[in-house]
There are 2 protein chains.
Amino acid sequence: MATSTVENYLKEILVITLDDEISKVPMGQIAKVLGVTPGTATSMAKSLERDGWVRYFPRVGVSLTRKGRKLAMNMLRRHRLLETFLVETLGFDWDEIHVEAEELEHAISEKVLEKLDDFLGRPRFDPHGDPIPSKGGMIQQIASKPLSDFEKDTNLRIESIIDQNKEFLRFARKAKLIPGQLFKIIGKEVCADSITLKTSRGKLVNLGFRSAEKVLALPYES
Amino acid sequence: MATSTVENYLKEILVITLDDEISKVPMGQIAKVLGVTPGTATSMAKSLERDGWVRYFPRVGVSLTRKGRKLAMNMLRRHRLLETFLVETLGFDWDEIHVEAEELEHAISEKVLEKLDDFLGRPRFDPHGDPIPSKGGMIQQIASKPLSDFEKDTNLRIESIIDQNKEFLRFARKAKLIPGQLFKIIGKEVCADSITLKTSRGKLVNLGFRSAEKVLALPYES
DNA sequence: TCTATAATTTTGACTAATCAAAATCTTTTT
DNA sequence: AAAAAGATTTTGATTAGTCAAAATTATAGA
């Protein structure tokens, strides 16, 4: 059985791998995200390799083995399901949940996790809009991205609304923010945390970034 | 901050103290419930004393300091609230929850715990009928007694089941012998070592004295 | 009281995880 | 290409928690 330290290392290695699209994660980066000294990360890399979680390339970095990736995916699943629970069920705000989930993910058993998944209605995305890996470690591959990721003047088509919140869904429907609908981003003010969209019929919609993150879209060639 | 090992030691010391009504818990007993060797318990006792959690009396045992008792009570609160959540919200059976709560209780933050408490409606008893200590570490004292202590024709309400034995818990659940349930003693044969109960709906249950001692109840004015 | 048994403590050793600081490679700059 | 800067690894040490087995102390029985 992996200790929770091991679980943390593997999870972070996975996240970096996915984010940066690299195969070997350098030690320094691992040390930084985990808040340990580089020396610690190196010695940990050796233990992880000894136990078959990663391959270690001295002076280059580590990559997950199949076994390591499986465990890491499972940690991501735990983390994101727990975040969903904290927001949906207990009413936490987005900015508080990461730290809490970080602790709980090591303590929750497979059994409790599955019951929780049922209870939540088997959500496929967490409150941040990130995909929740399936039980088998598969991650929902989506080409669509949150509205907030697109630049000004992009034409796009709404693909899905992540948030299950009733209020938001009501608002979205009213604003024609529904799958299939075509929009153009006519304004994006990062510092004001605001995005303005225009429908093909000229209707305007303003969204804060928090809301814009809940709306997934695909670019659309007009 | 206390490690989860420390939390476990303190919680078990508290539970033994409450159950056996003793003030100094001998090392051997601690070692047994925690599944460690006696030597480990002894060396741990010294660390616990060094950090002000317990007083250690060589060759006699340990007792909790005020600080230690406070933490231990808090652990009991966590444990019992989590058990309640697992049963009430996620639909677990009685016999599965102890182990799960045992892990989660170390990972759940005060913040999440309070939200959970709200969500559950601030319950005062856990699914076994044991009192959930308040935030301040106060425990609800109830004068429930074993079924076998009551006389014929008494109306009573089940408060808790002492035994954690799986078979017995399963049987108890089936027979509606669960906290909150109302019964009347309609038969008691001391010489035959037998007690007969009737639910408010007329269902009959027979118990031997040995089992009747495991079920705590309070008299109930009908 | 003296001995056998039970409980507790000591001792020496081990693993996981960490740090600080020195040593060693790599990469970049001049 | 040499020097400087940056990243990585080594080395030596520390802490928490644990075990096995020997040593010590209590307790109970004859």
Side-chain angles (χ1 to χ4, degrees), chain A residues 1-13 16-17 20 22-65 67-68 71-72 75 102-103 105-107, chain B residues 1-13 16-17 20 22-65 67-68 71-72 75 102-103 105-107:
Chain A
M1 266 303 305
T3 64
S4 58
T5 308
V6 167
E7 290 178 342
N8 275 333
Y9 274 84
L10 297 180
K11 192 187 65 176
E12 294 302 344
I13 292 169
I16 296 173
T17 306
D20 298 4
I22 50 176
S23 63
K24 290 168 193 166
V25 182
M27 289 307 127
Q29 210 168 339
I30 295 174
K32 202 180 294 163
V33 297
L34 286 162
V36 297
T37 60
T40 302
T42 297
S43 80
M44 196 60 194
K46 290 176 185 170
S47 321
L48 291 177
E49 173 157 75
R50 181 201 60 199
D51 297 338
W53 302 113
V54 304
R55 276 173 297 272
Y56 168 50
F57 306 91
R59 304 238 163 229
V60 180
V62 293
S63 67
L64 294 168
T65 61
K67 172 180 161 186
L71 201 160
M75 292 315 295
E102 203 75 8
E103 289 301 315
E105 66 193 15
H106 305 293
Chain B
M1 266 302 306
T3 64
S4 58
T5 309
V6 167
E7 291 178 343
N8 274 334
Y9 274 84
L10 298 179
K11 192 186 66 175
E12 293 303 342
I13 292 168
I16 296 172
T17 307
D20 298 5
I22 52 176
S23 63
K24 290 167 194 165
V25 182
M27 288 308 127
Q29 210 168 338
I30 295 174
K32 202 180 296 161
V33 296
L34 285 163
V36 296
T37 60
T40 301
T42 298
S43 80
M44 196 61 193
K46 290 176 186 170
S47 321
L48 291 177
E49 174 157 75
R50 181 200 58 197
D51 297 338
W53 303 112
V54 304
R55 276 173 297 271
Y56 168 50
F57 306 91
R59 306 240 160 227
V60 180
V62 293
S63 67
L64 294 169
T65 61
K67 171 181 161 186
L71 201 162
M75 292 316 295
E102 202 75 7
E103 289 303 314
E105 65 193 15
H106 305 294

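FYI, side chains are in, hydrogens and waters are out, and symmetry mates aren't considered; it's all heavy atoms of this structure. Each chain gets a letter, A, B and so on, in the order its sequence line appears, and its residues count up from 1.
Considering A:Val54, A:Asn8, A:Leu34 in turn, A:Val54 is the only one that fulfils the side chain to side chain contact (heavy atoms under 4.5 Å, CB included) rule with A:Ile13.
Looking only at side-chain heavy atoms (C-beta outward), A:Gln29 and A:Asp20 come within less than 4.5 Å of each other. Two residues are said to be in side-chain contact when any heavy atoms from C-beta on lie closer than 4.5 Å; A:Ile30 and A:Val62 meet this criterion.
Closest heavy-atom contact between B:Met75 and B:His106: CE-ND1, 3.5 Å. Taking every heavy atom of both residues into account, B:Ser63 and B:Lys24 meet most closely at CB-CG, 4.4 Å.
At whole-Å resolution of the value, CD1 in B:Ile30 and P in D:dT18 are 13 Å apart. Atom C1' of nucleotide C:dA16 and atom CD of A:Glu49 are separated by 18 Å, given to the nearest angstrom. Distance A:Lys32 NZ to D:dT8 C1': 14 Å, rounded to the nearest Å. A:Phe57 has its CZ atom 16 Å from the P atom of C:dT26, to the nearest Å. Rounded to whole Å, atom C1' of D:dT8 lies 16 Å from atom CG of A:Leu34. Between B:Met27 atom CE and D:dT25 atom P there is a gap of 17 Å when expressed in whole angstrom units. Atom-to-atom, CG of B:Leu48 to P of D:dT18 comes out at 11 Å; the value is rounded to the nearest Å. As rounded to whole Å, 14 Å separates atom C1' of D:dT8 from atom CD of A:Gln29.
The local environment of NZ in A:Lys32 is sparse, with at most 12 non-hydrogen atoms from other residues, nucleotides or ligands closer than 6.0 Å.
When each of A:Asp51 and A:Gly35 is assigned the nucleotide of DNA chain C with its nearest heavy atom, A:Asp51 is the one assigned upstream, toward the 5' end.
Considering only side-chain N and O atoms, B:Thr40 lies nowhere under 4.0 angstrom from the phosphate OP1 or OP2 of D:dG17. Remark: B:Tyr56 is in phosphate contact with C:dT9, judged by side-chain N or O atoms under 4.0 Å from OP1 or OP2. Residue A:Ser43 places none of its side-chain N or O atoms closer than 4.0 Å to OP1 or OP2 of C:dA17. Dashed line: the shortest gap from a side-chain N or O of B:Tyr9 to OP1 or OP2 of D:dT18 is under 4.0 Å. A:Thr5 has no side-chain polar atom (N or O) that falls below the 4.0 Å cut-off from OP1 or OP2 of C:dA16. For the OP1/OP2 pair of C:dA16 and a distance below 4.0 Å, the side-chain nitrogens and oxygens of A:Arg50 include at least one atom meeting the criterion.
Among the heavy atoms of the strands lying under 4.0 Å from A:Thr42 is at least one base atom, whether or not backbone atoms are also near. In this structure, B:Gly28 reaches the sugar-phosphate backbone alone: every heavy-atom distance under 4.0 Å involves primed, P, OP1 or OP2 atoms, never a base. Residue A:Ser47 is classed as having no contact, given no heavy-atom separation below 4.0 Å to the nucleic acid.
Among the nucleotides D:dT8, C:dA17, C:dT8, the one closest to the side chain of A:Thr3 is C:dA17. Among the nucleotides C:dA20, C:dT9, D:dT9, the one closest to any side-chain atom of A:Thr37 is C:dA20. Checking D:dT9, C:dC19, D:dG17 against every side-chain atom of A:Pro58, the shortest atom distance belongs to D:dT9. The side chain of A:Arg59 sits closest to C:dT24 out of C:dT8, D:dT10, C:dT24. Closest contact between the side chain of B:Met44 and the listed nucleotides C:dA17, D:dG17, C:dT9 involves D:dG17.
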